[in-house]
2 protein chains.
Amino acid sequence: MTALSDHRTAARPTMADVAAEAHVSVKTVSRVVNHEPGVRPDTAERVRAVIERLGFRRHDGARLMRQGRTFTIALVVEDLANPFYSQVGAAVEREARIRQHQLITASAEGSPSRERAVIEALVNRRVDGIVVVPADESASSDAVLEASHTPIVYMDRPVRGTPRDTILSDNHGGIRSAVEHLVAHGHRNIAFYGDDPAFWTARQRRDAFVTTQQSLGLPTTPRVSMGPHSPASVHESLSQWATGPEPITAVITGNNRITLAALLALRELRLPLSLVGYDDFELAALIDPPVTVVHQDPAAMGQKAAQQLFARLLGDESQAQTVVMPTRLIVRASGVRRGTPTR
Amino acid sequence: MTALSDHRTAARPTMADVAAEAHVSVKTVSRVVNHEPGVRPDTAERVRAVIERLGFRRHDGARLMRQGRTFTIALVVEDLANPFYSQVGAAVEREARIRQHQLITASAEGSPSRERAVIEALVNRRVDGIVVVPADESASSDAVLEASHTPIVYMDRPVRGTPRDTILSDNHGGIRSAVEHLVAHGHRNIAFYGDDPAFWTARQRRDAFVTTQQSLGLPTTPRVSMGPHSPASVHESLSQWATGPEPITAVITGNNRITLAALLALRELRLPLSLVGYDDFELAALIDPPVTVVHQDPAAMGQKAAQQLFARLLGDESQAQTVVMPTRLIVRASGVRRGTPTR
DNA sequence: CGGTGGTCAGACAACGCTGTCATGCCCGCA
DNA sequence: TGCGGGCATGACAGCGTTGTCTGACCACCG
């Protein structure tokens with residue numbers, strides 16, 4: 001035991017401890033640890049032995065602080081338990097891992113103020129970059145990001161203010177493919193259930209629905225109901241629009257949860273309407289009838305976002321760009337048939 | 001501009017920069033930033049103004065390094081996109097957040113060696129603690145954890161070696177409730193489909209099935225099929241056991257994916273068998289017939305694990321403990337009826 | 001008027017590492 | 001023998017904070 005380590009017997013050994021034991025300088029230990037050249041093999045071996053014996057592990061915090069980078073990126077979403085976000089998370093983590101970075105995940109729970117706080121905390125930690133699914137369109141963290149020069153990539157929803165890299169999903173194309181699919185199968189009276197129009201994506205999809213309807217020359221009877229929706233609200237609305245004059249024969253739902261509500265309602269009402277949902281979900285194929293959906297690829301979006309972020313970290317200084325990721329219509333039975341589904 | 005900040009014009013200001021501008025010492029800036037007492041109000045105000053003007057933000061990396069704690073915990077799972085793990089992740093993140101900690105998530109992709117590497121990287125970063133869903137039972141990171149004194153909590157599966165805090169799910173009770181439920185509805189010939197017996201949980205559930213069968217005096221015809229399973233393998237096996245002598249009338253599936261395979265197979269074979277699945281899943285209620293499941297509560301498990309970890313961080317030195325979380329049978333139609341499900 | 005105590009502020013070292021530069025040594029060659 | 005050059009190694013400062021200790025200043029008291 002040297003005097004150096006006496007005073008913190010139980011503490012983790014540092015390079016200084018190793019250096020003392022191996023009778024070399026700290027710098028030499030550093031060189032060995034980092035496989036830098038310029039160390040005689042026998043010296044290196046001796047150092048390695050001491051490292052092993054003492055159980056030394058490099059303190060990355062200290063290292064990274066010296067180097068100015070943290071090799072950490074962050075992902076801020078609304079709720080990690082939501083399958084959409086968890087798939088994004090898995091993809092981002094993967095991209096980070098193959099680049100020797102670590103990922104901090106944080107939930108903002110849909111609150112802009114919490115999001116702001118979270119981002120500030122991340123900036124204070126000097127994460128190298130951030131991927132955010134923003135809670136709203138107010139660029140509330142703009143100033144902080146600007147001042148800290150922390151690269152950021154927005155996902156799924158755009159943000160006002162300084163132009164930033166943004167990865168969006170092709171909401172318009174997705175909805176159009178849904179409408180066209182239904183029309184191709186003879187539907188003309190289609191209802192649209194969207195989420196709270198406070199959400200940018202909800203508005204996008206609604207607008208796309210209206211536009212497409214017009215461009216295809218469908219009846220313009222307003223059959224658009226925006227949320228927030230509960231199974232009950234969908235139930236009630238559906239029961240009206242499916243009876244009365246010019247009854248609807250098909251439904252498009254603007255997201256996962258609404259699809260679910262509609263499925264429940266259709267079942268309860270015993271209405272054999274066609275359905276196309278937005279967002280794919282596990283087991284969509286097992287529902288009866290299997291549900292046709294517009295599939296956005298969260299993993300691809302997350303991957304793209306992370307790649308864009310890393311491009312920035314590697315020095316890409318080009319103008320901020322917006323990438324719109326394609327959607328894909330997954331045709332199952334629910335959008336095709338009319339009448340009682342067989343089993 | 002003082003000489004201090006000249007050489008890094010575009011860089012982020014430090015306390016030294018603020019100090020120079022405000023004509024105080026760095027320490028005073030530190031005091032203001034951390035709301036320490038002993039600063040005259042007008043001095044504090046002046047410092048705050050400079051902080052604002054310069055856009056200074058405390059560098060938490062440096063701070064934490066000085067303090068020896070990182071206010072970071074980590075979660076290591078197999079795959080963040082798996083709903084079970086993402087729910088765990090959300091719960092752990094939540095516990096971390098309310099304690100001002102951040103969460104690093106990492107995927108080991110089921111590989112023990114990757115898991116080891118990941119844990120070593122986390123230890124090098126001096127995360128304050130780790131929650132792990134271990135890839136296998138070999139305590140391969142034991143030495144590292146021991147040497148670094150990093151608290152760890154294992155989840156879902158135990159690990160050999162040094163006793164550690166472990167949060168498990170009551171696999172035995174879960175399976176027993178499933179069997180009892182089926183028996184109560186008149187079933188006596190039940191098949192069990194389990195995952196690869198390499199998984200501890202798979203073995204647990206299988207053993208529980210066998211034991212319960214015996215204790216209830218059911219026919220001991222071996223109807224246990226362990227994985228890995230594909231929809232095809234389940235299909236083939238089911239078609240045999242459902243015909244022949246003493247045909248099975250019910251099925252228990254040992255996890256999510258197998259439940260799915262069984263549902264597909266039952267549908268294809270048009271077999272009206274009863275089914276109880278292990279693991280709840282979104283939309284289980286919407287499948288036809290709605291699927292009865294043994295529900296483990298991933299969020300509760302994650303919460304419990306995080307709480308246990310934080311207890312350790314707060315100095316709890318008591319013996320490592322194993323907590324078994326209860327499961328709950330969610331009765332839907334699939335376990336009750338025999339015969340063609342109504343719709 | 002000297003002593004006491006309190007308040008505010010700063011100097012300095014330290015956290016554990018790495019980048020830069022200096023040093024010492026040995027070798028080969030003239 | 002002297003010297004240039006390459007190699008192995010080390011000293012030192014610095015990354016941006018914070019803990020500890022010291023010091024200046026003032027008010028108050030006997």
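The basis for the numbers below is simple: all heavy atoms, side chains too, and nothing from hydrogens, waters or symmetry mates. Lettering follows sequence order; numbering is per chain, from 1.
The side chain of A:Thr43 contributes an N or O atom lying less than 4.0 Å from OP1 or OP2 of D:dT9. Under 4.0 angstrom from either OP1 or OP2 of D:dC15 there lies no side-chain N or O belonging to B:Thr14. Proximity of A:Arg40 to the phosphate of D:dA8: no side-chain N or O atom is located under 4.0 Å from OP1 or OP2. Using a 4.0 Å cut-off, no side-chain N or O of A:Thr28 falls inside it from OP1 or OP2 of D:dT9. In terms of phosphate contacts, A:Arg63 brings a side-chain nitrogen or oxygen within less than 4.0 Å of OP1 or OP2 of C:dT18. Of the side-chain N and O atoms in B:Gln67, none sit less than 4.0 angstrom from OP1 or OP2 of D:dT17. Side-chain nitrogen and oxygen atoms of B:Ser25 include none within less than 4.0 Å of the OP1 or OP2 phosphate oxygen of C:dA9.
In this entry the distance linking CZ of A:Arg69 with P of C:dG19 reads 13 Å, nearest Å. Between the P atom of C:dT23 and the NZ atom of A:Lys27 lies a distance of 18 Å, rounded to the nearest Å. Separating the CD atom of A:Glu36 from the C1' atom of D:dG10 is a distance of 14 Å, rounded to the nearest angstrom. Atom P of nucleotide D:dT9 and atom CD of A:Glu45 are separated by 13 Å, given to the nearest angstrom. Here the P atom of nucleotide C:dG16 and the CG atom of B:Leu64 are 14 Å apart, to the nearest Å. Counting to the nearest Å, the C1' atom of D:dG16 and the CZ atom of B:Arg58 are 12 Å from each other. Summarising the geometry, the separation between NE2 on A:His35 and P on C:dT18 is reported as 12 Å, rounded to the nearest angstrom. Rounded to whole angstrom, the span from the CE atom of B:Met15 across to the C1' atom of C:dA9 amounts to 15 Å.
Exactly one residue among B:Leu54, B:Val50, B:Ile51 makes a side chain to side chain contact (heavy atoms under 4.5 Å, CB included) with B:Pro13. That residue is B:Leu54. Test A:Glu115, A:Met301, A:Met155 against A:Val133 for side chain to side chain contact (heavy atoms under 4.5 Å, CB included) and you get one pass: A:Met155.
Side-chain atoms of B:Val26 lie closest to D:dT18 of the nucleotides C:dT18, D:dG16, D:dT18. Closest to the side chain of A:Arg31, from the set D:dT9, D:dT18, C:dG10, is D:dT9. Comparing C:dT18, D:dT17, D:dG19 against the side chain of A:Arg126 picks out D:dT17 as the nearest.
Taking the nucleotide of DNA chain C with the nearest heavy atom to each of B:Met65 and B:Gly38, the more 5' of the two is matched to B:Gly38. The 5' end of DNA chain D is approached more closely, in terms of each residue's nearest nucleotide, by A:Ala44 than by the other of A:Ala44 and B:His59. Taking the nucleotide of DNA chain C with the nearest heavy atom to each of B:Ala62 and B:His23, the more 5' of the two is matched to B:His23.
Put simply, the side chain of B:Arg57 and the base of D:dG16 share no donor and acceptor less than 3.5 Å apart. No hydrogens or angles were tested; on distance alone, nothing pairs the side chain of B:Arg66 with the base of C:dG16 as donor and acceptor under 3.5 Å.
Within 4.0 Å (heavy atoms only), A:Val33 reaches no atom of the nucleic acid at all. Contacts of B:Asp60 with the nucleic acid, taken as non-hydrogen atoms under 4.0 Å apart, are absent.
For the residue pair A:Gly302 and A:Val92, the shortest heavy atom distance occurs at O-CG2, 3.6 Å.
With salt bridges taken as basic N to acidic carboxylate O contacts below 4.0 Å, none links A:Glu45 and A:Arg40.
Between B:His101 and B:Phe310, the two ring planes are perpendicular [angle over 60°; tilted spans 30° to 60°].
Side-chain atoms of A:Arg94 and A:Gln303 form no donor-acceptor pair, as typed in the model, at a separation below 3.5 Å.
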